[in-house]
Amino acid sequence: MSSYSITAARVTHPRAVRGHGSPAAFVAAVTGRRILDVRRRGKALLLLLDSGDSLLVRLGMSGRLQVHAPDDPLIPHTHVVLALDAGTELRFIDPRTFGGMAVVTGHDPAFMRELGHYGPEPLDDAFTPAVLAEILAGLRTNIQAVLMDQSKIAGIGKIYADEACFLAGISPLRSAGSLSPDEVTRLHAAIRQVLAHSIEVRGTSSKDAAYRDSGGEVGGFQHHLHVYQRAGLPCRVCGTPIEYRPIQGRRMHFCPHCQK
DNA sequence: AATGGGGCCTGAGAGC
DNA sequence: TGCTCTCAGGCCCCAT
């Protein structure tokens with residue numbers, strides 16, 4: 001696989017690089033750098049630079065990273081443009097500006113201040129039911145909140161927390177520490193299943209987030225959702241209306257019949 | 001250490 | 001039709 005160099009960079013919204021410091025410092029840190037490799041840790045994307053640093057990208061709620069020709073019109077809310085020596089541009093587009101970019105020290109996320117505290121990758125072989133049981137043991141917080149806590153397990157947001165609880169047949173209202181060994185095993189399998197399935201169909205493009213891949217294509221997992229954004233609609237398994245309740249500041253989707 | 005709450009941000013959708 | 005209000009959620013910061 002060929003690698004690309006960043007020949008020029010421009011930042012048109014300072015908030016998009018707030019994790020780094022100033023836009024000028026960001027531009028200086030990426031200009032002229034070769035991208036050696038691309039990795040992922042949780043919801044963070046890492047472009048490994050030949051300076052020994054990494055370009056960390058977080059998409060947040062509404063962020064997109066897209067490849068464009070230089071003369072393509074700018075999509076509204078394009079905040080960072082990286083010109084590549086391939087003659088293309090890597091553009092960061094983010095209406096809600098919850099995402100951002102930063103140049104961070106090193107190539108190994110385990111030693112990064114930003115990612116070092118992250119929990120295990122749920123699709124790794126090392127993530128076993130026993131590991132999950134240890135993470136959940138003694139926690140009084142509800143399961144949904146624990147699944148969304150990046151320091152417990154990396155990479156799960158609200159969509160996949162709600163969907164994993166459904167597939168496991170466990171109410172997201174339950175405290176994490178109250179799960180039986182059998183329920184932990186089911187939740188472990190459900191987390192992996194929902195993530196693997198969503199990756200297979202290239203992610204979830206729900207109505208307001210409008211996720212797109214680097215080519216601008218939408219994903220397909222929104223057609224496979226069981227509970228997320230299905231409030232009031234019949235459960236696909238039993239027909240009971242899906243509930244949608246605010247609990248402790250967060251809203252959870254679940255089937256009151258299938259999830260105990 | 002664990003836990004909960006507030007704030008950031010824009011577009012979609014509801015209500016009038 | 002057009003205004004105002006509410007909500008969505010990832011992640012950081014702060015208080016307890």
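In what follows, every chain begins at residue 1, and chains take the letters A, B, ... in the order their sequences are listed.
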Check your understanding: A:Q150 has an atom CD; how far is it from atom P of B:dT3, in whole Å?
Key -> 17 Å
Point to revise | side chain to side chain donor-acceptor pair (under 3.5 Å) partners of residues 50-59 of chain A, not counting sequence neighbours, each pair once | key: A:R33-A:D50, A:R58-A:Y118
Exercise for review: When you get a sec, tell me which of B:dT10, C:dC11, B:dC9 is the closest nucleotide to the side chain of A:F98?
Suggested key: B:dC9
**Study point:** 4.5 Å side-chain heavy-atom contact, A:R245 and A:F254
**Key:** yes
Exercise for review: Would you mind reporting whether A:S171 and A:C165 have side-chain heavy atoms less than 4.5 Å apart?
Suggested key: no
Review point. With sequence neighbours left out, what residues match A:F26 under ring-ring contact (aromatic ring centres under 6.0 Å, His included)?
Key: A:H20
Enumerate the protein-to-nucleotides 12-15 of chain C contacts in which both atoms are nitrogen or oxygen and the separation is below 3.5 Å.
unit_1, atom_1, unit_2, atom_2, d
C:dC12, OP1, A:R58, NH1, 2.9

**Study point:** Selection from B:dA2, C:dC7, C:dG10 that lies nearest to any side-chain heavy atom of A:R251
**Key:** C:dC7
Exercise for review: Would you indicate what A:L59 reaches in the nucleic acid, counting non-hydrogen atoms under 4.0 angstrom: base, sugar-phosphate, or nothing?
Suggested key: nothing
Revision key, fill the gap. Rounded to whole Å, the CD-P distance (A:Q229 to C:dG9) equals 7 Å
Revision key, fill the gap. Rounded to whole Å, the CZ-P distance (A:R18 to B:dC8) equals 12 Å
Practice item. Starting from P on B:dG4, measure out to CG on A:N142 and report it in whole angstrom. Key: 8 Å
Cut-off 3.5 Å, no hydrogens considered: what does the side-chain donor-acceptor table look like for residues 83-90 of chain A, sequence neighbours left out?
unit_1, atom_1, unit_2, atom_2, d
A:D85, OD1, A:S5, N, 3.1
A:D85, OD2, A:S5, N, 3.4
A:E89, OE1, A:R91, NE, 3.0
A:E89, OE1, A:R91, NH2, 2.9

Review point. Among C:dC11, B:dT10, B:dT3, which is the nearest nucleotide to the side chain of A:R96?
Key: B:dT10
**Study point:** Integer-rounded Å distance: B:dT10 C1' and A:I75 CD1
**Key:** 16 Å
Point to revise | Nearest to side-chain heavy atoms of A:R15, which nucleotide of B:dA2, B:dC9, C:dG10 | key: B:dC9
Check your understanding: Taking atom C1' of C:dG9 as reference, at what distance in whole Å does atom CD of A:Q144 sit?
Key -> 10 Å
Review point. Can you pull the salt bridge (charged side-chain N to carboxylate O under 4.0 Å, His left out) pairs that have at least one residue in residues 141-168 of chain A, sequence neighbours excluded?
Key: A:D149-A:K152, A:K158-A:D162
Check your understanding: Any side-chain N or O of A:H13 under 4.0 Å from OP1/OP2 of B:dC9?
Key -> no
Review point. Roughly how many Å is it from NE2 in A:H79 to P in B:dC8, rounded to a whole number?
Key: 17 Å
Review point. A:I159 CD1 to C:dG10 C1': how many Å, rounded?
Key: 11 Å
Point to revise | Residue pairs involving residues 213-226 of chain A (criterion salt bridge (charged side-chain N to carboxylate O under 4.0 Å, His left out); sequence neighbours excluded) | key: A:R202-A:D213
